[in-house]
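Ligands are counted one by one from 1 in listed order, and the atoms in each one are counted from 1 as well. Each residue takes its place number in the sequence, starting with 1. Only this structure's heavy atoms are used, side chains among them; waters, hydrogens and symmetry mates stay out.
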Amino acid sequence: MIIIVKCREAWNVLKQYFGNFNLFRSIPSTIGAHEHQNQKISTIIFIILLILSFSILILYNSIVVVQKTMAIKHPSFAEYSQLFSKYSSALTCPCTKLSIKYENFLQMNFSLHQLCTSDFVTDQWMNFVAYIDIRIPLDGGDFRVTSRSAFPVLRAFCRLTNDTIFQNLIRFYAIDCVSGYVITSDLFQTEAQALINQFIASITKRSMLPLQIIRETTPANGLVSGPLSNYNFFQCKNSSYIFTTPNSYSNCSCSISAS
Ligand SMILES: *[C@@H]1O[C@H](CO)[C@@H](O)[C@H](O)[C@H]1NC(C)=O
Ligand SMILES: *[C@@H]1O[C@H](CO)[C@@H](O)[C@H](O)[C@H]1NC(C)=O
Ligand SMILES: *[C@@H]1O[C@H](CO)[C@@H](O)[C@H](O)[C@H]1NC(C)=O
Ligand SMILES: *[C@@H]1O[C@H](CO)[C@@H](O)[C@H](O)[C@H]1NC(C)=O
């Protein structure tokens with residue numbers, strides 16, 4: 001009972017205090033009731049506007065993102081990754097080292113066709129097929145005749161391919177990757193894949209170049225192949241000279257076409 005009475009008393013005191021609350025009280029307070037009323041209204045409006053402006057300020061601060069530039073010196077990769085996941089678009093990270101050789105971050109392994117590691121390119125096999133018993137007459141297309149030149153060509157082709165890839169890889173690894181800023185992981189992956197694809201495409205073209213040259217110069221110079229597949233020798237009955245004559249396959253002469 002006592003508490004309720006005390007509460008009511010306190011309520012009345014508060015009511016009286018706020019009822020007469022006046023921020024614009026004039027001194028001395030010898031003014032009319034009308035002006036007193038005006039001052040009270042002004043106080044209410046002032047307080048409402050004050051609360052309103054504070055609310056707007058708080059709301060604005062909580063909604064609007066303010067960009068602030070921060071510099072972190074020598075971040076570790078873990079720090080960089082963490083920052084990147086938070087501020088991917090705003091993050092820039094200049095490099096102290098502008099160029100890095102490809103060999104530091106790219107590695108390409110290659111394997112040749114299994115024929116190039118088989119017994120067919122070994123010295124033993126070459127020696128074996130090189131032997132021909134001259135007492136046995138053989139046709140020009142016989143395997144024992146063609147194999148003598150076919151397998152060395154196969155071996156040369158394997159070596160040429162291996163050397164071409166090997167040399168070009170060395171050259172490729174020595175190229176510098178230049179970037180002023182750290183690039184994103186996704187972009188880096190894409191770029192690396194593109195570099196590798198480009199390398200493979202260029203190596204394919206480059207390996208074919210020596211073969212094309214051989215193919216063009218052989219008929220142009222009239223070079224005779226080992227198994228006499230493109231030219232044949234003949235001697236006129238009355239002459240001491242030996243002549244060559246081009247072979248033809250399906251009406252296509254070896255003197256005209258390399259294929
Ligand atoms: C590529 O070759 C290197 C050295 O020859 C080796 O250390 C590496 O494991 C190979 N990578 C693959 C994917 O075969
Ligand atoms: C390819 O060439 C490299 C270097 O010359 C050599 O080490 C390797 O054994 C060669 N591989 C083949 C299959 O010939
Ligand atoms: C072959 O040569 C001899 C002497 O050199 C000559 O008498 C003869 O007519 C020649 N025969 C032919 C077919 O050219
Ligand atoms: C080759 O040419 C001859 C005449 O020049 C012709 O009779 C023959 O049908 C041709 N053969 C082929 C396979 O083109």
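Atoms of ligand 2 found under 4.0 Å from any heavy atom of Asn162, numbered from 1 in the order shown, are 1 (C), 2 (O), 3 (C), 8 (C), 10 (C), 11 (N), 12 (C), 14 (O).
Using a 4.5 Å cut-off on side-chain heavy atoms (C-beta onward), Ser118 and Leu115 make contact.
At least one protein heavy atom sits closer than 4.0 Å to atom 2 (O) of ligand 2. For atom 9 (O) of ligand 2, the nearest protein heavy atom is 4.0 Å or more away.
Under 4.0 Å is where a charged nitrogen must lie from a carboxylate oxygen, and between Arg148 and Asp142 no such pair does.
Under the 3.5 Å distance criterion, the side-chain polar atoms of Ser250 are left unmatched by any main-chain donor or acceptor of Cys252. Although no hydrogens or angles enter the test, the distance criterion places no donor-acceptor pair under 3.5 Å between the side chain of Asn230 and the main chain of Cys254.
Leu112 CD1, 3.8 Å is the protein heavy atom nearest to atom 13 (C) of ligand 2.
The aromatic rings of Tyr102 and Phe172 are tilted relative to each other, their planes meeting at an angle between 30° and 60°.
At under 3.5 Å, not a single nitrogen or oxygen of Asp163, backbone or side chain, sits near a nitrogen or oxygen of ligand 2.
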